[in-house]
Amino acid sequence: MATKLKIKKGDNVSVIAGADKGKTGRVLEVYPKKMRVLVEEVNIRTVHLKPSQSDQQGGRKTKSLPIHYSNVMLMDSAGKATRIGTKIKEEKNGVKTKVRIAKTNGSEI
């Protein structure tokens, strides 16, 4: 059973552990079943590809691979790593929506 992750596609995150510690980037994809996230320009590896119909040259290509979501933290509006909380926001027409807030400065994400 996959748990719901607090990090979503398009979020700006900072890597807090591993070989790429300190790097920041945008989340390109989220894999909730594997509990991993794909962050652009993080965890880049060289992949050896055989020639195929779509890639007739083949050879060595660089590729960004997913990392575990516990190794990343969401960035707040000030650009600092933060934990995430939730808050119920009520609109003027009575509609209630759940929003994510940054624990560092209380701003909406």
Side-chain angles (χ1 to χ4, degrees):
M1 184 172 156
T3 58
K4 188 175 180 190
L5 305 182
K6 293 182 179 182
I7 296 172
K8 309 282 182 221
K9 182 178 179 178
D11 287 344
N12 286 322
V13 295
S14 173
V15 180
I16 59 169
D20 293 319
K21 182 177 179 176
K23 288 186 180 179
T24 59
R26 195 169 47 91
V27 176
L28 299 175
E29 201 137 349
V30 178
Y31 305 104
K33 287 186 180 177
K34 294 181 179 181
M35 298 181 84
R36 292 183 169 268
V37 291
L38 181 66
V39 183
E40 79 181 335
E41 301 303 318
V42 172
N43 197 23
I44 295 177
R45 299 288 181 255
T46 302
V47 181
H48 300 268
L49 299 172
K50 291 173 100 174
S52 64
Q53 286 282 358
S54 60
D55 182 21
Q56 300 216 345
Q57 187 66 32
R60 295 168 27 163
K61 309 272 185 204
T62 57
K63 185 177 180 182
S64 195
L65 297 177
I67 59 174
H68 199 267
Y69 90 104
S70 66
N71 293 337
V72 297
M73 261 182 125
L74 198 65
M75 305 279 278
D76 64 3
S77 57
K80 291 171 57 179
T82 182
R83 290 177 288 130
I84 307 163
T86 57
K87 186 178 183 181
I88 304 287
K89 184 178 179 183
E90 193 166 343
E91 304 292 328
K92 291 184 180 179
N93 58 3
V95 177
K96 294 180 180 179
T97 56
K98 193 184 226 183
V99 293
R100 296 181 301 163
I101 60 164
K103 292 281 189 172
T104 52
N105 57 12
S107 66
E108 211 174 287
I109 296 173

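Because only heavy atoms are used, hydrogens play no part in the values below, and waters and symmetry mates are left out as well, while side chains stay in.
In this structure, K61 places its NZ atom where more than 12 heavy-atom neighbours from other residues, nucleotides or ligands lie under 6.0 Å away. Residue K9 places its NZ atom among 12 or fewer non-hydrogen atoms of other residues, nucleotides or ligands, all under 6.0 Å distant. For CD of E40, the number of neighbouring non-hydrogen atoms (other residues, nucleotides, ligands) closer than 6.0 Å is greater than 12.
Hydrophobic cluster membership of V47, counting Ile, Leu, Val, Met, Phe, Trp and Tyr whose side-chain heavy atoms lie under 4.5 Å apart directly or via other members: L49. Residue I16 belongs to a hydrophobic cluster whose other members are M73, with links defined by side-chain heavy atoms closer than 4.5 Å. Apart from I109 itself, the hydrophobic cluster it occupies contains L5, I7, V13, V15, V27, V30, M35, V37, V39, V42, I67, Y69, V72, L74, I84, where clustering links Ile, Leu, Val, Met, Phe, Trp and Tyr at side-chain heavy-atom distances under 4.5 Å.
Although no hydrogens or angles enter the test, the distance criterion places a donor-acceptor pair under 3.5 Å between the side chain of N43 and the main chain of L65. Checking side-chain atoms of T82 against main-chain N and O of T104 turns up a donor-acceptor pair under 3.5 Å.
In this structure, K98 NZ and T86 OG1 are separated by 5.0 Å, a value rounded to the nearest 0.5 Å.
Sorted by first and then second residue, the pairs that involve residues 10-29 and meet side chain to side chain donor-acceptor pair (under 3.5 Å), not counting sequence neighbours, are D11-R100, D20-K23.
The side-chain contact (heavy atoms from CB on, under 4.5 Å) check on S77 picks up N105, S107, with sequence neighbours excluded.
Of all heavy-atom pairs spanning K103 and G85, the tightest one is CE-CA, 3.9 Å. Nearest heavy atoms, A102 versus D76: CB-CB, 3.8 Å.
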Show every donor-acceptor pair shorter than 3.5 Å between a side-chain atom in residues 87-94 and any protein atom, with sequence neighbours excluded, or say none if there are none.
unit_1 : atom_1 : unit_2 : atom_2 : d
K89    : NZ     : E108   : OE1    : 3.3
N93    : OD1    : V95    : N      : 3.3

